[in-house]
Asks: 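Okay, here's the structure, questions in a sec.
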Amino acid sequence: MSGDEGPGREGAAEPPEAGGGEQLALIRDTVRKAKQPRAKPRTWRGAALADGLPVARVLVDKGLVHLDQFFDYAVPAAMDADAQPGVRVRVRFGARVVKGRREGGTLHDGFVVERRADSDYAGPLAPLAQVLSTEPVLTEPLLRLCRQVADRYAGALADVVQLAVPPRMARAERDPSPDPLPTPAAPPPATWSRYATGPAYLQALARGDTPRAVWLALPGPHWPRELATVLATALAAGRGALAVLPDGRSAARVDAALTDLLGPGHHVLLTADAGPEERYRRWLAVSRGSVKVVVGTRAAMFAPVADLGLVALWDDGDSSHAEPHAPQPHARDVLLLRAREERTAFLLGGITTTVEGAQLVDSGWALPLAAARDRVRAAAPLVRTVGDLDQARDEAARAARLPSLAWQVTRDALARGPVLVQVPRRGYVPRLGCDTCRAPARCAACAGPLEVREEGGTPACGWCGRPAADWHCQECGGFRLRARVVGARRTAEELGRAFPRVPVRTSGRDTVLATVGGAPALVIATPGAEPVAEEGYAAALLLDGWALLGRPDLRAAEEALRRWALAAALVRPAGEGGTVVVLAEPTLRPVQALVRWDPAGHAVRELAERAELRFPPVARMAAVSGPPAAVAEFVDLVRLPEGTDQLGPVPVRRPAGTEPWERLLFRVPPGSGAALAAALKAGRIARAARSGPTAPLQLRMDPPDIG
DNA sequence: AGCACGCCGACT
DNA sequence: GTCGGCGTGCTC
């Protein structure tokens with residue numbers, strides 16, 4: 001694992017000193033006041049206060065989020081019983097004192113985090129304005145998790161709490177949650193026996209141990225049930241379990257498998273599909289301890305499962321596991337945090353493995369859970385490649401835009417079942433090459449790659465934007481350009497015309513098909529939207545991924561392999577005639593990994609390379625982006641841990657922005673990630689405390705998109 | 001972040 | 001004499 005972060009520091013987040021310059025008298029005065037805690041705090045208005053614990057420490061939702069501190073309020077006697085830790089309250093915040101009277105102040109939502117006998121705030125306390133609900137939603141363990149996530153990402157607690165606690169739906173709250181069901185029996189291991197250490201993993205869970213594994217699932221349709229079996233096994237051992245999946249579709253598959261194994265009532269599905277009220281109802285059932293197994297998408301990573309015994313994540317390479325809202329926590333990191341802090345078992349599963357997954361194994365923190373080689377061969381389809389040279393030699397392909405191998409495979413397979421055609425997503429920009437020699441087409445001015453932004457448009461440079469109307473090839477003098485990935489959508493249409501008696505189904509952004517039947521059909525899908533074929537696809541054509549491989553992106557190879565393998569895993573085994581044709585150079589590492597079906601080996605080699613180059617996740621990084629002056633000011637302000645590298649700054653594109661931005665990367669060796677996050681947080685607070693207009697500045701731990 | 005208090009230039 | 005510039009500091 002990234003293994004470096006020790007447990008987050010406990011205790012309230014006190015802001016660091018705001019910097020010198022105060023008048024001595026003022027300091028003395030403050031200290032003296034702070035040293036005499038009142039038996040009972042003063043309040044404004046003098047309303048009757050609660051007897052026992054008259055102070056409520058409150059996390060105010062949107063006041064001074066970046067300062068990351070709690071505020072104390074007086075608890076009126078009437079609210080004494082309701083204002084328990086964890087409940088939502090409303091408080092007046094930002095009031096001014098005018099002639100001894102408080103004026104103004106706007107109502108903010110917040111959470112009571114603690115009831116206390118007194119306050120260490122010297123001034124008079126404002127009373128809670130209202131207890132919104134008596135439901136203790138921000139429970140102590142959930143608060144602790146949020147605190148740790150905030151620290152891990154150099155973010156603010158209030159931001160994380162907003163991600164972790166769903167908005168209140170009064171109606172859902174009124175209804176009682178069902179009584180917990182008795183603990184069911186453990187399901188049989190079934191297909192888990194296909195993995196060498198699979199039964200042992202289940203046995204350890206059943207014993208109540210906390211086994212940790214990176215699971216390389218065999219291609220084919222069994223993984224949802226296998227994942228459900230793991231969750232059910234944890235439940236049978238009397239523990240709670242949580243699985244996070246990248247999308248509603250895959251979550252629904254695991255949900256269905258769980259219902260199959262356990263019947264209804266033992267688990268909930270936490271996805272956006274249910275609608276806010278139903279989702280909150282289910283979340284409450286979890287929070288109240290009625291239900292101990294949760295299957296869901298990203299936001300479910302915070303689900304307050306009682307007595308959590310297992311956290312599982314499926315397909316951690318999927319970008320939707322990264323939360324887009326500040327501080328952009330990644331489900332993998334949050335679940336790793338939970339596994340460590342809540343002492344649970346851990347399962348990271350997928351058809352492929354990320355570098356992070358490989359690192360968990362490499363460090364010894366998790367064990368590999370994979371099938372033996374012969375099992376893999378028996379489950380995987382036959383993978384064939386068509387490289388650039390093959391295509392150049394292939395006269396038929398030049399006329400028809402698709403290699404003859406792809407035609408043959410499609411034609412043969414359509415006699416036996418559906419054929420999947422994976423095409424790039426919309427908005428993807430095809431790169432251009434020389435039609436004669438296939439060399440990539442480069443800009444004459446800056447050598448950037450030429451692109452066509454809209455079909456039929458003039459080619460232009462992807463770096464400098466200069467149009468390339470009179471291009472000629474530097475290699476061979478050719479002057480005709482050709483899309484290096486054939487216009488995939490057009491190809492799909494042509495395929496449809498070539499097989500007029502075969503129905504064409506499409507699955508993409510707007511309409512995603514869950515499944516297709518076993519009848520011959522051409523199924524055109526974008527990555528991630530591939531329907532599951534009930535009896536497996538007879539073949540797949542992979543026309544996507546190409547463009548990725550040309551990019552200077554750290555994850556390009558991993559991501560290409562991931563997309564290909566996810567589609568190829570829906571194809572029947574080679575033994576049943578399942579064939580995959582991938583349009584890519586057979587010499588490339590991810591292509592070879594696909595052909596040999598060795599995603600783990602690929603991830604291990606990527607990991608070694610990252611270590612050598614001191615790239616994440618072996619090193620930890622943070623990105624600071626903003627206007628050059630703001631970036632420079634921040635660098636000046638922040639006190640970085642020993643041994644921090646500074647990379648850049650480099651200009652970054654601001655599509656809608658007015659002024660140019662730049663980005664700076666900080667890099668620290670493994671083990672210093674927490675120190676880096678702490679430094680950034682301190683820097684952010686110091687910056688906020690400064691006077692003057694504040695330019696926008698983005699801080700991000702572990703940026704996923706570094707070139 | 002908002003929001004008010006504070007101390008210096010062009011208006012009735 | 002006053003209205004208003006936004007620099008500075010505080011918010012339980």
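Numbered from 1 within each chain, the chains take letters A, B, ... in sequence-line order.
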Asks: Indicate whether any N or O donor in one side chain lies under 3.5 Å from an N or O acceptor in the other, for A/Ser177 and A/Arg288.
Replies: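 The answer is yes; a qualifying pair exists.
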
Asks: Expressed as a whole number of angstroms, how long is the span from A/Lys62:NZ to B/dA1:C1'?
Replies: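 After rounding, the reported distance stands at 12 Å.
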
Asks: Could you give the side-chain donor-acceptor pairs of residues 309-319 of chain A under 3.5 Å, partners two or more places apart or in another chain?
Replies:
| from | atom 1 | to | atom 2 | distance (Å) |
| --- | --- | --- | --- | --- |
| A/Asp315 | OD1 | A/Arg562 | NE | 3.0 |
| A/Asp315 | OD2 | A/Arg562 | NE | 3.4 |
| A/Asp315 | OD2 | A/Arg562 | NH2 | 3.0 |
| A/Asp316 | OD1 | A/Thr354 | OG1 | 3.4 |
| A/Asp316 | OD2 | A/Arg332 | NH1 | 2.6 |
| A/Asp316 | OD2 | A/Thr354 | OG1 | 2.6 |
| A/Asp318 | OD1 | A/Ser320 | N | 2.8 |
| A/Asp318 | OD1 | A/Ser320 | OG | 2.7 |
| A/Asp318 | OD2 | A/Arg562 | NH2 | 3.1 |

Asks: Just wondering, do A/Tyr121 and C/dC12 stack (centres under 5.5 Å, planes under 30°)?
Replies: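 By the stated criterion, A/Tyr121 and C/dC12 stack.
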
Asks: Please report the distance, rounded to the nearest Å, between CD1 in A/Ile685 and P in B/dA1.
Replies: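 For the pair A/Ile685 CD1 and B/dA1 P, the rounded distance is 13 Å.
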
Asks: A/Leu107 CG to C/dC12 P: how many Å, rounded?
Replies: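 Those two atoms, CG and P, are 12 Å apart.
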
Asks: Round to a whole Å and report the spacing from CZ of A/Phe71 to P of C/dC10.
Replies: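 Distance, rounded to whole Å: 13 Å.
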
Asks: Return the value, rounded to whole Å, for the distance between atom CZ of A/Arg684 and atom P of B/dA1.
Replies: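 In whole Å, B/dA1 P lies 10 Å from A/Arg684 CZ.
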
Asks: Would you confirm whether A/Arg684, through its side chain, and A/Ala154, through its main-chain N or O, come within 3.5 Å as a donor-acceptor pair?
Replies: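 Yes; judged by distance alone, with no hydrogens or angles, the pair exists.
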
Asks: Round to a whole Å and report the spacing from CG of A/Leu59 to C1' of C/dC12.
Replies: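 Taking CG of A/Leu59 and C1' of C/dC12, I get 13 Å after rounding.
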
Asks: Got a list of side-chain donor-acceptor pairs under 3.5 Å for residues 626-638 of chain A, not counting sequence neighbours?
Replies:
| from | atom 1 | to | atom 2 | distance (Å) |
| --- | --- | --- | --- | --- |
| A/Glu633 | OE2 | A/Arg690 | NH1 | 2.9 |

Asks: Over how many whole Å does the gap from A/Leu125 atom CG to C/dT11 atom P extend?
Replies: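 Spelled out: CG on A/Leu125 to P on C/dT11 is 12 Å.
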
Asks: What is the distance, rounded to the nearest whole Å, between atom NE2 of A/His108 and atom P of C/dC12?
Replies: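 Rounding to the nearest Å, NE2 of A/His108 and P of C/dC12 are 9 Å apart.
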
